Amino acid sequence: MERDSMQSMEAAVRERWGDAFAADPVPGTAKFYLTVAYPYPSGAMHVGHGRTYLVPDVVARFWRMRGRRVLYPMAFHVTGAPVIGISKRIANHDPAAIKLYHGLYRVPMDVLERFVDPLEIVRYFSDEYERVMRMAGLSIDWRRRFTTVDPHYSKFIEWQFGRLYEKGYVVRGAHPVRYCPLCDNPVGDHDLLEGDKAEVIRFVLVMFRLGDTLVPTATLRPETVYGVTNLWVNPDVMYVRAAVDGEIWLVSREAAEKLALQEHEVRILEEVPGSALVDQIVTHPLAGEVPILPAAFVDPEMATGVVMSVPAHAPFDYVALRDLQQEGRYTELVPRPLITVDGWGECPAKDAVERAKVTNQHDTRMDALTQEVYSAEFSKGRLHDRLGGATVREARDTVGEFLCAEHGSTVMYEFDTRPVVCRCSSRVFVKILHDQWFLTYSDPAWKDQVKAYLPDISLVPPEVRAEFERTVDWLKDWAATRRVGLGTRLPWDPTWLIEPLSDSTIYMAYYTVAHRIRELDPALLTPAAFDYLFLGVESPEFQDRELLAPLREEFLAWYPYDYRFSAKDLISNHLTFQLFHHAAIFPPELQPKGMVVFGMGLLNGAKMSSSKGNVFLLEDALAEFGADTVRMFLMGSAEPWQDFDWRNELVSSTRRQIERFEATVRDTIAAPDTSGPVDDWLLSRLQRHVTRMTASLESFQTRQALQEAFFGVEADLRWYVRRQPEGSTGGAALRELCSVWVRLLAPFIPFTCETLWQALGNEGLVSFAPWPEADPARDRPALELGEELLSRTVEDVESILKLLPITPSAVEIAVAPAWKREIFRTIAAADDRNAAVRLVMQNEDMRRRGKEAADAAKQCTTLIHRLPPELVENLLQVELDEAAVFAAAREFLERAIGLPVRIVGAEESAHPKASVALPFKPAITIE
RNA sequence: GCGGGGGUAGCCAAGCCCGGUCAACGGCGCCGGAUUUAGGGUCCGGUCUCGCAGGAGUUCGAGGGUUCGAAUCCCUUCCCCCGCACCA
């Protein structure tokens, strides 16, 4: 089909659909409510997004045809900071941002100018999303569309958080964040020029004493304090003495600034060059008296700029000390081992360094060695018995806590990789935010509640259950508020905004009333109103019952949702969060019923990524290939939970398949009302396809369903056409098949099917036509066996003909005699088929036949193992008259083989070969 | 490191849970043929190796084991992908 006519066909179908997918509950009719994670509209949709929204659409269309009231709603998640960053970049005429938005996403320049307002961005792309989703044929109830910054929605979120707060699930605490001093703001990934992968790590400061001054050394391994032999400072670095929270600390100048951001009162008193510190003696209760030594590797930007040295277990420390000792200095210092590790000597750091033949501390392999030793000690190491013998894994935490409690230690945060740079080009530091609000996902009681519901939730695919269970266990408290971004303000502390992963947890409930709540004045939407609407709780002062009763009714008609669809990487946050929130807020009967987890999308084998430009826009795909082709490809190339790979050449071939399907169906419209020899066979097979396809879709296997409904039926049709008498192409049976076929494919390729359904003379939309049901009365097992026998025989003849160098003149098909059929049945019905030969030979008649019978029994055993079990089962049920099957199809056989065919009983044949005939495997002789 | 999931013929990908249907579904690619003979579309056939009778041999990351029999069960080992949070 030409692109123009394809697009006008699609437009015509969309016109016919109108708002048919707007869903209202109908009393007495079962509902099916499915939701998919709403998109964050900050850019154009690509084919990966397309798959995300198409899977639920296919499922929605399927259940709609099965007579359910189906609700498939859509909204837009605009909460958060990314869009703020984008608008800033556009305002600053950032070339990369302009290229992405104007070039790749094709936003007109005049629209782009308006993007300096972040709300304009989400407004523009929300409309784009809806437009493209409609192009793709998504059967969404658009009346319910909203965004997460609509005033009504904000009221809803305020209510939700109010409930959580009352229940004690929202608490206050301090939290380290990335922070730009110049912007005076926390910064997200999108705001970073450099270091977006840097993680905040938690150091313990071990406080050594130098006279009246404390020297804090930062470490990730506080348990090694027992093995400290010295400290390191960089002699070329300027240190400062500073008043910190009433004490005097000695740290690098950089560290003093950082500490000021981390809940410390810092006043710099004087500068001290690193060189002046060398050879001073410091003390610590757990480490004793140790000297300060010079080392070039000490980085003033790293934590405090002072390092404690554990040469027995830290390769850097070992090498640096060795370097000095090779110059004849500090030779009195010896490593103090405190950890034993299987497979390593007393001093693992020494082992590693010597094995790698490292000559000095500037060796590039030092980081790798450090990693190796640390991993070995962390996973397998134990403290010496004199220190309690705990595993390193345990001791790291217990010693750290002990130091903090008893020896003045404290915590300092630092990035694991540096530098981290803001878009404003300022350095980024770790800052402790006070008064951060947390959702207490660590609460064991809350976890238990979720765990109690989890077993009843249907998960697709089932393998993800372990991941959910683990996530519930592992989840810690979640910082649920932000200072910057779009979103709803925390009702009791409006200086904070509720962050995106927290305001998107129970909105599935909001969809059920979104189109009606919009009609109300937001001022009416008090917590009491939502208490009634969603929980049925009526406080004495609640006045608006009458107004809200229809909404409550509709909520209860749809809720709980049946399935939630989302991507695999959201298991560890969004999908589990929403279980927590549902558990906390809704009663047991309104808990989620199921979830379907998606795989990811690849483009020509590489991961799709907007920032790398490796995307194919959904709109372009729809325009180039047509909506049905895009749909069928995305549904057919992989099951929803598997990764799929978009390849243009495969998509083109999908398009030809649809054209073939359409041509086949259209041909039958004019077909004569004749009947043929294999009509009943075709319709019998069709019942099986309907059953299997239905089962596949019930379990969300779109690929399997398509295989069955499309390729399965197509293969049958090929055989059917082949079996028609000369000059016939089939008749009435084909028309019946097509009526079913068009409906089976309607969820996948609704545009084509809608058009064909009309062309076939049906009233109404195929989208609402009844789903085909398998009719057991049409099953013809004997016919199916007969056709199976024919096709296997033809195949055998062809393969023999191919091998033979002779010019054949005729074919003889010799059918196995009755006594072999009896052997076959005996063996097929036997519990233990391996003992079957003995079983057969118990029979008097068979014994008389002697070796001939024993051989036949062996051959039948082999054959039965090779046939599909289902087929063997059918052969037991049905008495198949093979000779009659062949006789009836002789004309066909001769045409198919291109030779005269003679059908005989094996025992009447003159050919010696005929004696090898087995049931369902006639002897074939080529003359 | 922790947790989850995988490795199947040129590619993608079924099958594994419930061992014999498996030389291994299906699609793509490739090769050959047919067609109102366009290298395009459609249809038919082939596509691990060998084979003048429908068969045999060797394969399902690697190695070992259980079994009459293993891609499928058990053990060991190598490799790959995903998530690990304040980011949607």
Side-chain angles (χ1 to χ4, degrees), chain A residues 37 39-40 42 77-83 175-178 186 188-190 196 199-200 371 374-375 378-379 393 433 436 438-439 441 461-471 473-482 485 499-502 504 568-574 577 599-600 602 605 607 636-639 641-645 647 649-650 652-654 656-657 659-660 663 703-704 706-708 710-712 715 718 721-722 792-793 795-806 833-834 861-862 864-872 913 916 921-926:
Chain A
Y40 185 81
S42 64
H77 195 201
V78 307
T79 315
V83 84
H175 185 65
V177 295
R178 287 184 299 219
D189 276 348
H190 301 79
D196 58 329
E199 282 182 46
V200 173
Q371 192 56 46
Y374 280 19
S375 308
F378 181 71
S379 55
R393 199 184 295 260
L433 283 192
Q436 169 66 268
F438 290 89
L439 284 162
Y441 296 136
E463 295 86 66
V464 299
R465 186 170 297 277
E467 215 171 332
F468 271 103
E469 285 167 351
R470 186 197 143 265
T471 301
D473 278 333
W474 159 90
L475 228 41
K476 304 190 203 38
D477 289 350
W478 178 265
T481 53
R482 290 298 116 82
E499 64 83 42
L501 281 169
S502 302
S504 55
K568 189 154 93 189
D569 49 347
L570 264 50
I571 293 176
S572 61
N573 49 50
H574 165 72
F577 288 5
M600 302 187 310
L602 304 177
K607 190 171 173 175
S637 65
E639 299 296 2
W641 44 90
Q642 298 173 321
D643 296 350
F644 75 93
D645 191 2
R647 289 179 193 254
E649 74 268 20
L650 299 191
S652 304
S653 93
T654 302
R656 289 195 294 273
Q657 286 159 354
E659 285 168 2
R660 218 156 59 214
R703 178 188 141 92
Q704 183 64 39
L706 216 38
Q707 293 275 336
E708 193 65 50
F710 191 83
F711 299 103
R718 270 201 293 275
V721 169
R722 215 176 155 192
R792 281 171 180 262
T793 305
E795 235 170 74
D796 279 355
V797 171
E798 282 170 344
S799 82
I800 298 169
L801 284 173
K802 215 173 305 156
L803 277 169
L804 286 182
I806 60 167
R833 285 174 185 163
N834 296 313
T861 309
T862 311
I864 286 165
H865 277 316
R866 296 196 142 178
L867 293 173
E870 203 186 333
L871 195 145
V872 174
K913 271 226 151 301
V916 303
K921 194 148 184 74
I924 297 160
T925 312
I926 312 283

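Note that this is a predicted model, so its numbers are computed, not measured. Order of the sequence lines fixes the chain letters, A, B, ..., with proteins taken first and strands second; residue numbering starts at 1 for each chain.
- Between B/G46 and B/A23, the distance separating the two C1' atoms is 15 Å to the nearest Å.
- No side-chain heavy atom of A/Gln657 sits under 4.5 Å from any side-chain heavy atom of A/Leu706.
- Of the nucleotides present, none pairs with B/A9 by Watson-Crick or G-U wobble criteria with both distances under 3.5 Å.
- Taking the P atom of each, B/C22 and B/U76 are spaced 32 Å apart, rounded to whole Å.
- For the C1' atom pair drawn from B/G39 and B/C78, the interatomic distance equals 46 Å after rounding to whole Å.
- The side chain to side chain donor-acceptor pair (under 3.5 Å) search around A/Arg866 returns none, not counting sequence neighbours.
- Using the Watson-Crick or G-U wobble rule with both distances under 3.5 Å, B/A34 pairs with B/U42.
- We find that CD of A/Gln657 is positioned 13 Å from C1' of B/U42, with the value rounded to whole Å.
- When the C1' atom is compared between B/C79 and B/A24, the two are found 24 Å apart, to the nearest whole Å.
- When the nearest nucleotides of RNA chain B are assigned to A/Leu650 and A/Ala466 by heavy-atom distance, the more 5′-ward of the two goes with A/Ala466.
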What does nucleotides 80-85 of chain B look like as a protein-contact string, B for base, S for sugar-phosphate only, - for none, at under 4.0 angstrom between heavy atoms?
---BSB
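- As a whole-Å value, the separation of A/Leu706 CG from B/G26 P is 16 Å.
- For the P atom pair drawn from B/C73 and B/G5, the interatomic distance equals 14 Å after rounding to whole Å.
- Take A/Arg656 and apply the side-chain contact (heavy atoms from CB on, under 4.5 Å) test, not counting sequence neighbours, and it matches A/Ser652, A/Ser653, A/Glu659.
- A distance of about 11 Å separates the P atoms of B/U47 and B/C25, rounded to the whole Å.
- Rounded to the nearest 0.5 angstrom, A/Glu649 CD and A/Thr654 OG1 are separated by 10.5 Å.
- Between A/Leu867 and A/Tyr40, the residue anchored closer to the 5' end of RNA chain B is A/Leu867, taking for each the nucleotide with the nearest heavy atom.
- One interatomic measurement links the two molecules: CD of A/Glu649 to P of B/C28, which rounds to 11 Å at whole-angstrom precision.
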Given A/Thr79 and A/Glu499, is the side-chain hydrogen bond (donor to acceptor under 3.5 Å, both in side chains) satisfied, shown in steps?
CA-CA 7 Å; A/Thr79 315; A/Glu499 64 83 42; over 6 Å; no
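- Taking CE of A/Met600 as the reference point, atom CZ of A/Phe644 lies at 10.0 Å (rounded to 0.5 Å).
- Remark: B/G55 base-pairs with B/C50; criterion is Watson-Crick or G-U wobble with both hydrogen-bond distances under 3.5 Å.
- Computed from coordinates, the A/Glu639 CD to B/G15 P distance equals 8 Å when rounded to whole Å.
- The base-pairing partner of B/C68, taking Watson-Crick or G-U wobble contacts with both distances under 3.5 Å, is B/G20.
- Looking only at distances, no side-chain donor or acceptor of A/Glu467 sits under 3.5 Å from a matching main-chain atom of A/Ser572.
- Spacing between B/C50 and B/A62 at atom C1', rounded to whole Å, works out to 27 Å.
- Using a 4.5 Å heavy-atom cutoff, the side chains of A/Leu439 and A/Ser502 are in contact.
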Going 5' to 3' through nucleotides 30-36 of chain B, assign each nucleotide B (protein heavy atom under 4.0 Å from a base atom), S (under 4.0 Å only from sugar-phosphate atoms) or - (no protein heavy atom that close).
-------
For nucleotides 46-58 of chain B, read 5' to 3', which letter fits each nucleotide if B means a protein heavy atom sits under 4.0 Å from the base, S means only the sugar-phosphate is that close, and - means neither?
S----BBBBSS--
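- Nucleotide B/G1 forms a Watson-Crick or G-U wobble pair with B/C84, both donor-acceptor distances falling under 3.5 Å.
- Rounded to whole Å, the distance from CZ on A/Phe711 to P on B/A13 is 16 Å.
- Look at A/Arg660 and you'll find a side-chain N or O under 4.0 angstrom from OP1 or OP2 of B/C43.
- Counting non-hydrogen atoms under 4.0 angstrom, A/His574 reaches nothing in the nucleic acid.
- Spacing between atom CZ of A/Arg647 and atom P of B/C11 amounts to 11 Å, rounded to whole angstrom units.
- Across A/Phe577 and A/Leu501, no two heavy atoms sit closer than the pair CD2-O, 3.6 Å.
- One finds a side-chain N or O of A/Arg718 lying less than 4.0 angstrom from the OP1 or OP2 phosphate oxygen of B/C44.
- Rounding to the nearest 0.5 Å gives a distance of 5.5 Å between CD1 of A/Ile800 and CD1 of A/Ile926.
- Under a 3.5 Å cut-off, the side chain of A/Asp643 and the backbone N or O of A/Gly599 do not form any donor-acceptor pair.
- Side-chain contact between A/Ile571 and A/Thr471: present, with at least one pair of heavy atoms (C-beta onward) separated by less than 4.5 Å.
- Going from the C1' atom of B/G61 to that of B/G55 covers 30 Å, rounded to whole Å.
- Remark: C1' of B/U21 and NE2 of A/His865 are 11 Å apart, rounded to the nearest angstrom.
- In terms of phosphate contacts, A/Arg703 brings no side-chain nitrogen or oxygen within less than 4.0 Å of OP1 or OP2 of B/G26.
- Between the CD atom of A/Glu463 and the P atom of B/G5 there is a distance of 8 Å, given to the nearest Å.
- When all heavy atoms are compared, the tightest approach of A/Val83 to A/Tyr40 is N-OH, 3.1 Å.
- Every residue two or more places apart in sequence or in another chain that forms a side chain to side chain donor-acceptor pair (under 3.5 Å) with A/Arg647 is listed here: A/Asp645.
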